[in-house]
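What follows is a short report on a single structure.
Order of the sequence lines fixes the chain letters, A, B, ..., with proteins taken first and strands second; residue numbering starts at 1 for each chain. No experiment lies behind these values; they were computed from the predicted model shown.
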Number of protein chains: 2
Amino acid sequence: MKDEFICEENCPHMATVQKVKLEDMTRSSQKQLAEMFKLFSDETRLRIICSLLNTELCVCDLCALLELTQSNVSHQLQLLRNSKLVKYRKEGKQVYYSLEDEHVESIIKMALAHILEEKMK
Amino acid sequence: MKDEFICEENCPHMATVQKVKLEDMTRSSQKQLAEMFKLFSDETRLRIICSLLNTELCVCDLCALLELTQSNVSHQLQLLRNSKLVKYRKEGKQVYYSLEDEHVESIIKMALAHILEEKMK
DNA sequence: TCCTCACATGATTATTTGTTCATATATTCA
DNA sequence: TGAATATATGAACAAATAATCATGTGAGGA
């Protein structure tokens, strides 16, 4: 009873996850997957992604928050934009970035759970 | 009713996932996360991981199945071993590899769900 | 119109990474 | 013991990548 709620709440798109049959994975979907994981595999990029988990931020917010150069942040955001992982919204001179969808959160949570359990061993 | 079962069945370690608070993520756990994603970010390594999703395999099985050189496979397995993502078991001359835990499957499923939904747009 | 601010982008460089080749180790079998 | 097989590993190299520097673009204010 409680479980259903928790599941819905914290693990969105479960419906799609149910449909996923890992046995049917094609070579090309593996390639896509690898490309996606590559975006998460750089610490700087991951920090940017994590900063956007709760809120949208403009480029200079990210620079200040993460102590990175503007050029560096913009380059990383370009990669994330190209892969449709983040979206943006212009407002005057500023550009506000936010995450494209909630999968990102789910994926990070799942991976973090792995690390947590690993530690407890 | 059905939902609970499906959730338990396909998304193990939900209990840990519930505990994960993304806001509390430290710099060092972000680094660990990035390192983990890096292992999934190479197509060859991901193919090896995917091959091990259902069954354990020895090195030469992997070479044959994925059409890779033995040296290449062994090097990649070394990385996966060092990060405790796979475990192994020696039997005579052969060494059988398998996945260390079920998070791997959950993470891949979640990421695949993202790609699937992306396509449907 | 000119200046400033926020951001994007091209070029360059240092570093990391994936693969290959050559060789080492360890187990089985004759 | 010696040969054959399965796997591991070190060195070398090419390719990919992240960060930096310099510069470009475009909006807003004086």
- Along DNA chain D (nearest heavy atom to each residue), the more 5'-positioned of N72(A) and Q78(B): Q78(B)
- Item | Parallel, tilted or perpendicular: rings of F37(B) and F37(A) (30°, 60°) | parallel
- Message: Using the side-chain heavy atoms of L79(A), tell me which of these nucleotides is nearest: dA19(D), dA18(D), dG18(C).
- Response: dA18(D)
- Query: Taking atom C1' of dA18(D) as reference, at what distance in whole Å does atom CZ of R47(A) sit?
  - Reply: 14 Å
- Message: Need one value for Y97(B): base, sugar-phosphate or nothing, where a base atom within 4.0 Å counts as base even if backbone is also close, heavy atoms only.
- Response: sugar-phosphate
- Do we get R81(B) above Y88(B)'s six-membered ring, with its NZ or CZ under 6.0 Å from the centre and within 45° of the axis? yes
- Kindly compute the distance separating CZ (R27(A)) from SG (C50(B)), expressed to the nearest 0.5 Å. 11.5 Å
- Query: Is there a donor and acceptor pair closer than 3.5 Å between the side chain of H75(A) and the base of dT20(D)?
  - Reply: yes
- Quick one: pull up CD1 in I108(B) and CD1 in I49(B) and give me the separation to the nearest 0.5 Å. 6.0 Å
- Would you name the heavy atoms of I115(A) and S29(B) that are closest together and state the gap between them? CD1-O, 4.5 Å
Under-3.5 Å N/O pairs linking protein and nucleotides 22-27 of chain C:
none

- Message: How many whole angstroms separate atom CD of E67(A) from atom P of dA19(D)?
- Response: 14 Å
- Query: Is the number of heavy atoms from other residues, nucleotides or ligands under 6.0 Å of Y96(A) OH greater than 12?
  - Reply: yes
